[in-house]
Colleague: 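Handing you this structure, nothing more for now.
For reference, positions follow the sequence shown, starting with 1. All of these numbers come straight from a predicted model, not from anything done at the bench. Counting convention: from 1, in listed order, for ligands and their atoms alike.
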Amino acid sequence: MNDATLDHEAIIVGAGFGGMGAAIELMRQGVADIAILEREDDLGGTWHVNHYPGLAVDIASVTYSYSFEPNPNWSRLFAPGAELKGYARHVADKYGVGKHMEFGVVVERAEWDDDAGRWTVHTADGRTRTAKYLVTATGFLSQPYTPDFPGIDAFAGDIIHTTAWQDGYDFAGKRAAVIGTGATAVQLIPEIAKTARRLTVFQRTPIWVVPKVDFPIPAVVRRLFGAVPATQKAARAVNTSLLEMLMVFGVLHYRQAKPGNRLAALLAKTHMRVQVRDKRTREQLTPSYDFGCKRPTFSNTYFPVFNRPDVDLETSSIVRVEPDGIVVDGEKKIGVDTLVLATGFNLWDVNFPAFQIVGREGRDLGKWWRDGRFQAYEGVAVPHFPNFLTLNSPYSYSGLSYFTTIEGQMRHIARLFSELRRRDADRFEVTERANTEYLDESTRRLADSVFYAGDCSTSRSYYFNQHGEATLLRPQATLSTLREMESFPLDDYVYG
Ligand code: NAP
């Protein structure tokens, strides 16, 4: 059903892999008039914004890609960031979604008009656009977090957040400081250590790091992947299964499979034992929370950095920043010329959702989530929000590779829009009952996870929201997620 009074049939916010997946699926379902609004100046989401040295995928590329568009040309098992960006461009061209993208368009607000049955989307340039369907694909890690350290504004040197990297920045002769030891810092720190005169790593909470089995993919294997796609499919299946075991036994079924979790921690500790010479440094780098409470990472180059005489690990709390350095507890001052903020992202205060979304009867999504509980049926739909799918939602992240989440959501879109077509309807809304059942079931399942059955008290993990609930991950094996996404009961929605 086309409505000539609308600007578009569907608006998708975000031109990363999630938004592109949604666009591909909507187009398959016959939704042709789509606008993909993107605040950045190019597609690729995370892989456009992040271009710090050392950036690479940390899920093997055979798995970190769309299953329907395998890329036989990955140069390494874990492709560098630039290849991911190239892959995004290739997919956008091949599947015809690139022409729907508009860049530099910042969405500020969207509201549902129940009488007209449409969304109105307001952008920072003062324009409004209307659409029948709204899909948000704004990413989980898209709102950079900069701590408000006292004195930071008066720092005399350069301050670089990892999401705003100055390409070619030269650390030679500089005393560098990196604040943060998350997955980003783990990739970046070895690169900075190569050139900086001195590097101080400010660690508040250590991270579990396991070995990264990475190597260039030989040309002969790439040719084989290209000529016989089943071989790459098989490699994907093996790798995805290994990741799945880590996720299901190490994290989601912690209560039943504690030894699996302990084994992963042992692997990480042994990796460190082999790579870090100093005992005290090893102690400082060892997490005091269970494996999986916080997203673990993979690296072979992070730990050895701490053997270098020109690298210091600082674990005292930061008290203030002065123009030429950082003062930590005990009034110890560390001289700094360049301050790198590898301080990650704000998820729960500003990213869920990434802009104001107002549904039926004035329900404000962000306020509703924050005042009550974070929730979304199957990680995609919310009651009181007709014709709205939110891809980066509570309980949506499934498996370890983001593509598992994306492809599950594509299946959900396929089933939902097929039903709309069958009914000749143009309106859907998830029922309160279905949403509550999904929330209750997710809560029940999570009780077995490391988040509740393990010890995460010291982890400061972004998996937990401000209410202390671990509402980011979908507590189900990938295969059951995919099955559920393509077979959910159709009467979980009402149609009109
Ligand atoms: P992150 O995991 O949130 O890490 C932020 C770091 O900054 C933490 O170590 C945090 O310490 C520290 N920090 C924040 N505020 C601080 C403060 N006031 N004082 C001292 N330290 C502070 O962010 P990230 O490293 O950017 O990684 C985010 C996610 O991006 C990863 O978990 C991963 O999912 C993804 N990622 C993926 C790849 C990939 O290859 N696929 C690469 C990079 C990132 P606390 O832990 O104490 O809060």
Colleague: List by chain and number: which residues place a heavy atom under 4.0 Å from ligand 1?
Modeller: Y52, A56, V57, D58, L141, Y145, P147, F149, I179, G180, T181, G182, A183, T184, Q187, R204, T205, K294, R295, A342, T343, G344, F345, R460, Y462
Colleague: Can you say whether the rings of Y66 and F403 are parallel (under 30°), tilted (30 to 60°) or perpendicular (over 60°)?
Modeller: perpendicular
Colleague: Are E191 and K194 close enough for a salt bridge, meaning some N to O gap below 4.0 Å?
Modeller: yes
Colleague: Excluding sequence neighbours, so at least two apart, what forms side-chain contact (heavy atoms from CB on, under 4.5 Å) with E40?
Modeller: E38, H48, V49
Colleague: Would W74 and F225 count as a ring-ring contact (aromatic ring centres under 6.0 Å, His included) if you check the C-alpha gap in whole Å, the side-chain angles of each, and the deciding distance to 0.1 Å?
Modeller: CA-CA 10 Å; W74 301 118; F225 282 171; over 10 Å; no
Colleague: Would you call E441-R445 a salt bridge at under 4.0 Å N-O?
Modeller: yes
Colleague: For the pair D42 and K85, find out whether any cationic side-chain nitrogen is under 4.0 Å from an anionic carboxylate oxygen.
Modeller: yes
